[in-house]
Amino acid sequence: MRIAVLGAAGRMGQALTRALAETPGCEVAGGLETKGSPALGKDIGEVAGLEPLGVPITDDALSLFAGIDGVLDFTLPKATVEFAALAAQARIVHVIGTTGFSDDDLAKLDAAARHATIVKAGNMSMGVNLMAALTARVAETLGPEFDIEILEMHHRHKRDAPSGTSLMLGDAAAKGRSVALAEKSVRTRDGDTGPRREGDIGFAALRGGDVVGEHRVIFAGPGERIELAHIASDRGIFARGAVRAALWARGKPPGLYSMADVLGL
Ligand SMILES: NC(=O)C1=CN([C@@H]2O[C@H](COP(=O)(O)OP(=O)(O)OC[C@H]3O[C@@H](n4cnc5c(N)ncnc54)[C@H](OP(=O)(O)O)[C@@H]3O)[C@@H](O)[C@H]2O)C=CC1
Ligand SMILES: O=C(O)C1=N[C@H](C(=O)O)C[C@H](O)C1
């Protein structure tokens with residue numbers, strides 16, 4: 001499968017190139033970066049710390065999308081929405097790891113998925129997707145006297161909060177309780193907030209240093225607390241998940257798929 005990396009010089013872009021290069025049946029078929037990026041024209045393998053792969057990084061999305069089977073996209077929401085339209089036109093697989101979408105962006109991705117085969121997840125690791133399934137199960141089992149709080153920490157460069165993973169975990173908790181996350185989510189607390197409302201699902205985000213990604217779902221009840229935690233120490237877990245998603249999606253009908261679909265969870 002001929003696959004290109006969008007945002008090839010980024011933290012995830014480099015991990016994706018390495019994952020693609022080591023996966024049998026995959027070819028690193030191109031890399032895209034922003035206009036003016038110092039990475040333009042450089043070999044994508046060298047940028048990722050590998051031997052040269054003979055593939056220069058380009059800023060020409062139209063030509064790139066024309067000659068490949070799929071793209072791995074860990075960039076920015078605005079860019080990803082534009083790439084979704086291009087992937088739909090080219091009828092190629094679009095694996096989306098980007099996070100931080102607005103409701104309007106999400107509506108546009110839904111529209112693109114009428115023609116494109118999209119796999120989108122706020123976290124592509126096996127561990128977090130399993131944790132989401134467990135979160136739904138625990139939330140379903142425990143009564144409303146257990147308060148659900150989701151805590152995350154990421155590196156100092158992360159732009160969006162809550163993280164895509166936190167939102168996935170919040171969504172899983174809400175599904176487990178058969179409620180809509182939008183009606184229960186509390187994203188900020190400051191000043192005299194009053195006592196906690198029963199049924200709320202709270203979010204807290206820490207940022208600092210080079211933390212790859214840590215998430216904790218806390219079920220705090222009377223006299224006891226259950227916590228589910230995931231600690232990522234290597235971006236390779238997300239990259240390998242994305243490559244797996246692309247291979248899984250090849251030949252699937254257009255639609256918006258999740259990592260749970262890919263992993264059969
Ligand atoms: N779903 C998952 O499993 C994971 C998701 N992520 C998400 O992936 C995204 C990227 O994270 P990360 O790699 O750390 O961020 P980086 O900023 O390191 O990388 C993003 C790259 O995309 C490039 N880019 C932005 N816009 C465009 C565009 N229009 N065309 C081509 N390239 C573009 C950036 O270029 P420039 O620097 O010039 O702007 C940059 O090189 C985030 O949303 C993050 O939350 C991260 C890890 C796992
Ligand atoms: O920006 C990151 O780095 C990460 N983003 C994803 C998220 O928003 O949850 C996944 C992972 O936690 C790393």
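Indexing begins at 1, ligand by ligand and atom by atom, following the structure's order. Note that the coordinates shown come from a computational prediction; the quantities given were computed from them, not determined experimentally.
- Side-chain atoms of Glu152 and Arg207, non-hydrogen and from C-beta on, do get closer than 4.5 Å to each other.
- One distance of note links CZ of Arg187 with CG of Leu167; it measures 5.0 Å at 0.5 Å rounding.
- Considering only non-hydrogen protein atoms, atom 10 (C) of ligand 1 sits nearest to Phe74 O, 3.5 Å.
- Between atom OG of residue Ser102 and atom CG of residue Asp160 there is a gap of 12.0 Å, rounded to the nearest 0.5 Å.
- Salt bridge annotation for Arg216-Glu214: absent, with no cationic side-chain nitrogen under 4.0 angstrom from a carboxylate oxygen.
- At a 3.5 angstrom cut-off on N or O pairs, Gly97 counts as close to ligand 1.
- Of the candidates Gly97, Ala121, Gly122, it is Gly122 that places a heavy atom closest to atom 10 (C) of ligand 2.
- The heavy atom nearest to atom 46 (C) of ligand 1, considering only His154, Met12, Met124, is found in Met12.
- Looking from atom 41 (O) of ligand 1 to the surrounding protein, the closest heavy atom is Glu33 OE2, 2.6 Å.
- When each atom of ligand 2 is checked for a heavy atom of Val212 under 4.0 Å away, the hits are 3 (O), 13 (C).
- The N/O atoms of Arg235, backbone and side chain alike, include none that comes under 3.5 Å of an N/O atom in ligand 1.
- A distance of 8.5 Å separates CD1 in Ile201 from NZ in Lys184, rounded to the nearest 0.5 Å.
- Leu72 places a side-chain heavy atom less than 4.5 Å from the side chain of Ile3.
- Under a 4.0 Å criterion applied to the non-hydrogen atoms of Ser163, ligand 2 contributes the atoms 7 (C), 8 (O), 9 (O).
- At the shortest separation from atom 45 (O) of ligand 1 among protein heavy atoms lies Thr99 OG1, 2.6 Å.
- Residue-level proximity to ligand 2 for His155 is carried by the side chain, the only part with a heavy atom below 4.0 angstrom.
- Distance check for atom 37 (O) of ligand 1: every protein heavy atom is found at 4.0 Å or beyond.
- Tracing side-chain contacts under 4.5 Å through hydrophobic residues (I, L, V, M, F, W, Y), one reaches Val93 starting from Leu263; they form part of the same cluster.
- Under a hydrophobic clustering in which Ile, Leu, Val, Met, Phe, Trp and Tyr are joined whenever their side-chain heavy atoms come within less than 4.5 Å, directly or via other members, Met126 and Met124 fall into the same cluster.
- Listed by number with element, the atoms of ligand 2 under 4.0 Å from a non-hydrogen atom of Phe238 are 11 (C).
- In His215, the part holding a heavy atom less than 4.0 Å from any atom of ligand 2 is the side chain.
- Between the side chains of Asp60 and Thr58, no donor-acceptor pair is found at a separation under 3.5 Å.
- Shortest contact from atom 1 (O) of ligand 2 to any protein heavy atom: Lys158 NZ, 2.9 Å.
- Considering backbone and side-chain atoms alike, Ser166 places every N or O at 3.5 Å or more from each N or O of ligand 2.
- At a 4.0 Å heavy-atom cut-off, ligand 2 touches His154 through the side chain alone.
- Going from atom CG of Leu169 over to atom OG1 of Thr135 covers 5.0 Å, rounded to the nearest 0.5 Å.
- Applying the salt bridge (charged side-chain N to carboxylate O under 4.0 Å, His left out) rule to Lys108 yields the partners Asp104; only residues at least two apart in sequence or on another chain are considered.
- For Arg235, no nitrogen or oxygen atom sits less than 3.5 Å from a nitrogen or oxygen atom of ligand 2, counting backbone and side chain alike.
- Checking only distances, Thr98 never comes within under 3.5 Å of ligand 1, N or O to N or O.
- Ranking protein heavy atoms by distance to atom 9 (O) of ligand 2, first place goes to Thr165 OG1, 2.5 Å.
- Close approach of ligand 2 to Thr99 (heavy-atom distance below 4.0 Å) involves ligand atoms 7 (C), 8 (O).
- Taking any N or O of His155, backbone or side chain, none lies under 3.5 Å from an N or O belonging to ligand 1.
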For residues 234-253, which side-chain N or O atoms pair as donor and acceptor with protein atoms under 3.5 Å away, sequence neighbours left out?
from, atom 1, to, atom 2, distance (Å)
Asp234, OD1, Gly236, N, 2.8
Lys252, NZ, Trp248, O, 3.1

